[in-house]
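Read the structure below first, then the notes.
These figures come from a predicted structure and were not determined experimentally.
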Amino acid sequence: MKQFRRTRAFTLAETVVGAGLTTLALFGALTTLLYGMSSWYRGQGKISAESSSQVAIRQASRELREAMSVTVDGNGQGLTYRKPAVDGNGTYTMPIAWDGVTRRIELSGSTLQLNTNGDLRPIAQNIITTDPQSTNGTSSYTVFSPGTGSITRSITMMVVIQNNSYQAENITSRSRETIYLRNIPQLTQ
């Protein structure tokens, strides 16, 4: 006679428990993945905001360091400056004189822009006018603050940029720097 071998199979209870444990493991892995992705997006938003604010200050600094006179607006949201004339080689002409080009850096809405004889070039966007590090985070600030003295030798510039990140979360970056001007005492036109 033939002997029948009994093969052991999973019972319904074992199958349900196994499926439940697999579901919990997959849910845990998915939750970890989503949390990691949201952290990554927040980090990318912060990096983008920080980079934008630093680039804005660097560009303004590059423009202002060569200025021969700087006048900051009363509200601190813009300034007008003059650069000395240069020859074809990029050397200052002697005697030092204004090059005749009207230049401004100003906050227009949420865009910081360079205005050279009416030609507008954005320096930074998404600028907010409230300082998140102030009391209650709602105080306004000035973008440009002149140094002391009758001739402006330094400008303190502050930029606060706010970008949207993962799930419309607002990410802000605040950069502040004092720009020392290599300017020449103001000359007449």
Side-chain angles (χ1 to χ4, degrees), residues 45-135 137-165 170-189:
K46 185 69 173 172
I47 289 170
S48 174
E50 290 282 337
S51 175
S52 296
S53 64
Q54 288 298 318
V55 165
I57 287 180
R58 255 185 271 127
Q59 285 182 345
S61 176
R62 197 175 312 123
E63 281 290 317
L64 294 175
R65 281 208 173 105
E66 299 300 322
M68 56 190 280
S69 72
V70 177
T71 306
V72 177
D73 295 352
N75 63 2
Q77 303 303 316
L79 55 79
T80 304
Y81 63 100
R82 294 179 176 177
K83 283 186 164 184
V86 293
D87 62 15
N89 296 327
T91 308
Y92 295 123
T93 59
M94 291 298 178
I96 300 291
W98 175 40
D99 66 359
V101 178
T102 303
R103 295 178 174 90
R104 279 188 56 76
I105 299 176
E106 58 194 351
L107 182 63
S108 176
S110 65
T111 302
L112 185 66
Q113 57 191 10
L114 174 63
N115 184 345
T116 307
N117 274 349
D119 180 31
L120 300 175
R121 188 181 88 212
I123 296 175
Q125 298 185 0
N126 301 326
I127 293 180
I128 59 173
T129 56
T130 57
D131 183 5
Q133 294 182 5
S134 65
T135 307
T138 58
S139 298
S140 62
Y141 68 95
T142 57
V143 177
F144 302 103
S145 302
T148 59
S150 60
I151 297 174
T152 303
R153 296 276 183 198
S154 67
I155 302 282
T156 300
M157 181 177 175
M158 187 166 94
V159 176
V160 180
I161 293 182
Q162 184 174 53
N163 288 339
N164 288 334
S165 182
N170 289 328
I171 303 290
T172 58
S173 169
R174 178 182 184 260
S175 295
R176 183 180 180 146
E177 183 176 316
T178 300
I179 303 166
Y180 294 97
L181 311 174
R182 293 181 249 160
N183 61 357
I184 300 159
Q186 185 168 347
L187 302 174
T188 60
Q189 297 180 19

Side chains of R104 and T80 only: does a donor on one sit below 3.5 Å from an acceptor on the other?
yes
Carboxylate-amine/guanidinium proximity below 4.0 Å for K83 and E63:
yes
Minimal heavy-atom distance between M158 and T142, with the atoms involved, is CB-O, 4.2 Å
Atom pair OG1 (T111) and CG (N126), whose distance is rounded to the nearest 0.5 Å:
7.5 Å
Hey, what do you get for CD1 (I171) to CD1 (I47), rounding to the nearest 0.5 Å?
11.0 Å
Check whether D73 reaches the backbone of Q77 with its side chain - one donor and one acceptor, N or O, closer than 3.5 Å.
no
Ignoring hydrogens, what is the shortest heavy-atom contact between I155 and P146? Give both atom names and the distance.
CD1-CA, 4.2 Å
List the atom of S61, the atom of E177, and the distance in Å for their closest heavy-atom pair.
OG-OE2, 4.4 Å
What I'd like to find out is whether the side chain of V160 reaches to under 4.5 Å of the side chain of T130, using heavy atoms alone.
no
Taking all atoms of both residues into account, what is the closest heavy-atom pair of L120 and Q113, and its distance?
CD2-NE2, 3.9 Å
If you take all heavy atoms of A56 and M157, which pair is closest and at what distance?
O-CE, 4.0 Å
Backbone N or O of V101 within a donor-acceptor pair of the D99 side chain at under 3.5 Å?
yes
Quick one: pull up CZ in R121 and CG in L112 and give me the separation to the nearest 0.5 Å.
10.5 Å
Interatomic distance, OG1@T129 vs CD@Q162, rounded to 0.5 Å, equals 10.5 Å
Once rounded to the nearest 0.5 Å, what's the spacing between atom CG of L181 and atom OG of S154?
7.0 Å
What's the verdict on side-chain contact (heavy atoms from CB on, under 4.5 Å) for F144 and V70, showing C-alpha distance, side-chain angles and the deciding distance?
CA-CA 11 Å; F144 302 103; V70 177; over 6 Å; no
Non-hydrogen atoms of Y81 and L114 that approach each other most closely
OH-CD1, 3.1 Å
In Å, rounded to the nearest 0.5 Å, how long is the span from CD1 of I179 to CZ of R153?
15.5 Å
